[in-house]
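Below, chain A is the first sequence line, B the second, and so on; all start at residue 1.
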Amino acid sequence: MKPIIAVVGPTASGKTALAVALAERLKTEIISADSMQVYRGMAIGTGAPTPEEQARARHHFVGMLDPFEQFTAGTFGRQARVAAAMLNASGKPAIVAGGSGLYVRAFIDGLFPGPGKDESIRARLHAEAEFAGAAALYERLQAVDPAYAEIILPGDLRRIVRALEVFEITGQPFSKLHQEHREAEPPLDALLVGLDWPRDKLYARIDARVDAMLEAGFIDEVRLLMEQGYTERLMQLRTLGYREFAAHLLGRQTYEEARAAMQQNTRRYAKRQLTWWRGDSRIHWLPQSADTTPEQRADSIVALAGM
RNA sequence: GCCGAGGUAGCUCAGUUGGUAGAGCACUGGACUGAAAAUCCGGGUGUCGGCAGUUCGAGUCUGCCCCUUGGCA
């Protein structure tokens with residue numbers, strides 16, 4: 001029996017409903033690996049588990065932070081491992097469900113024990129990039145960590161800054177720390193299950209889910225966040241849906257434009273999620289269709305896990 | 001009905017003096033270890049409305065037809 005069952009898949013693939021059904025069967029709790037559902041006041045637009053779903057199974061890492069607070073994959077990975085260990089200690093498996101690939105990886109594989117982010121270093125490096133161009137920073141990365149420079153692309157400023165930040169703090173190349181961690185620390189023992197929909201069915205589910213969010217009062221949710229002063233935060237996060245409807249509420253686009261953009265950007269996000277997981281050979285992909293229920297899916301996974 | 005404008009990629013359009021077509025968006029493939037619903041990179045997918053004519057060669061010139069659209073009736 002596996003101590004961890006991780007349910008992954010693109011947005012709108014039914015991870016939450018499946019996780020709840022699984023948790024009920026196994027009498028355990030759910031660890032949400034979702035970088036946006038951790039925030040309060042964003043339940044509708046992030047498709048967070050409903051109060052009813054949370055009553056059926058306890059969810060960790062949902063609605064626990066103010067949108068102004070910073071959260072990172074590293075923090076999540078550490079805290080989630082603690083939560084899973086506590087469940088395992090009382091004889092329960094941990095159900096992990098989430099769409100944030102990096103969060104799932106931080107949990108299962110762990111991140112190297114290097115430094116977290118340093119806002120002042122990042123601000124300085126971004127200012128440098130503004131002044132001298134991203135290419136100048138990329139050249140510096142080539143000098144201090146040629147192996148990593150080879151992996152990322154010269155235009156990927158975010159990763160260039162991160163790697164230089166790690167080098168400044170530790171004096172070690174990013175790729176070396178990464179490599180050492182992989183060799184030193186094995187991944188957690190987990191059953192990885194992927195929800196696999198035909199592309200057209202998945203896109204139809206995404207479009208329908210956006211409309212369901214709008215009917216559930218998504219615009220009011222965005223308006224309330226803006227009234228509370230989170231406008232820039234929402235725009236800075238560029239969070240799916242919130243960005244589009246914040247722009248709508250600011251008069252920059254019509255309702256229909258915002259709705260269409262939210263659906264399109266969500267479809268693109270789903271595509272990126274699929275790319276992330278397609279390369280992971282540990283995942284058992286379960287073909288999905290509309291005529292199976294979350295309960296039936298949960299039963300087949302319980303069987304797969306040998307529990 | 002008459003006059004004008006236009007039919008080229010899924011959409012909006014570009015296309016010199018005739019040399020079998022290309023931009024943006026859409027779509028799609030990929031990368032990715034502390035901002036990750038973020039960030040970055042690659043890929044042109046086509047009866048050029050139809051049929052004939054001129055020509056070595058037609059998206060391009062000519063004729064007829066079909067369709068869309070604006071104006072006048």
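- Nucleotide B:G34 carries a syn base; the chi torsion (O4'-C1'-N9-C4 or O4'-C1'-N1-C2) is within 90° of 0.
- Nearest heavy atoms, A:Gln37 versus A:Ser32: OE1-OG, 3.6 Å.
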Write out a two-atom table: protein N or O, nucleotide N or O from nucleotides 39-42 of chain B, distance below 3.5 Å.
unit_1, atom_1, unit_2, atom_2, d
B:U39, OP1, A:Arg238, NH1, 2.5
B:U39, O2', A:Asp156, OD1, 2.9
B:U39, O2, A:Arg159, NH1, 2.8

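- Contacts between residues 174-203 of chain A and RNA chain B, counted as heavy-atom distances below 4.0 Å, involve A:Phe174, A:His178, A:His181, A:Arg182, A:Arg199, A:Tyr203.
- When the salt bridge (charged side-chain N to carboxylate O under 4.0 Å, His left out) test is applied to A:Asp291, no partner is found at least two apart in sequence or on another chain.
- Tracing side-chain contacts under 4.5 Å through hydrophobic residues (I, L, V, M, F, W, Y), one reaches A:Met213 starting from A:Val222; they form part of the same cluster.
- Judged by closest nucleotide on RNA chain B, A:Arg267 is the one of A:Arg267 and A:Arg278 placed further toward the 5' end.
- In this structure, A:Thr46 reaches the bases: a heavy-atom distance under 4.0 Å links it to at least one base atom across the strands shown.
- Within 4.0 Å of A:Asp34, counting heavy atoms only, lies at least one base atom of the nucleic acid.
- Both A:Gly47 and A:Ile152 lie near RNA chain B, and the one whose nearest nucleotide falls closer to the 5' end is A:Ile152.
- Across the protein-nucleic acid pair, A:Lys117 atom NZ and B:A38 atom C1' stand 11 Å apart, rounded to whole Å.
- In this structure, A:Thr275 reaches the B:G30 phosphate: one of its side-chain N or O atoms is under 4.0 Å from OP1 or OP2.
- Using cut-offs of 30° and 60° on the angle between ring planes, the pair A:Tyr242 and A:Phe218 is perpendicular.
- As rounded to whole Å, 11 Å separates atom C1' of B:A36 from atom CG of A:Leu240.
- A chain of hydrophobic side-chain contacts below 4.5 Å, direct or via other Ile, Leu, Val, Met, Phe, Trp or Tyr residues, connects A:Phe167 to A:Ile151.
- Taking only side-chain nitrogens and oxygens, A:Arg122 comes nearer than 4.0 Å to OP1 or OP2 of B:A35.
- Put simply, CD1 on A:Ile151 is 10 Å from C1' on B:A31, counting in whole angstrom units.
- Remark: C1' of B:A38 and CH2 of A:Trp276 are 11 Å apart, rounded to the nearest angstrom.
- Comparing the same atom, P, in B:U62 and in B:A5 gives a spacing of 13 Å after rounding to whole Å.
- No side-chain donor from either of A:Gln288 and A:Lys201 sits under 3.5 Å from a side-chain acceptor of the other.
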Watson-Crick and G-U pairing of RNA chain B, under 3.5 Å, as dot-bracket with | and [ ]:
(((((((..((((.....[..))))((((((.......))))).)...(((((..]....)))))))))))).
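- Between A:Phe112 and A:Phe174, the ring planes lie perpendicular to each other; the angle is over 60°, past the 30° to 60° tilted range.
- Near-neighbour residues of RNA chain B inside residues 9-18 of chain A, defined by a heavy atom below 4.0 Å, are absent.
- Non-hydrogen atoms lying under 4.0 Å from RNA chain B are contributed by A:Arg105, A:Leu111, A:Phe112, A:Pro113, A:Gly114, all within residues 104-114 of chain A.
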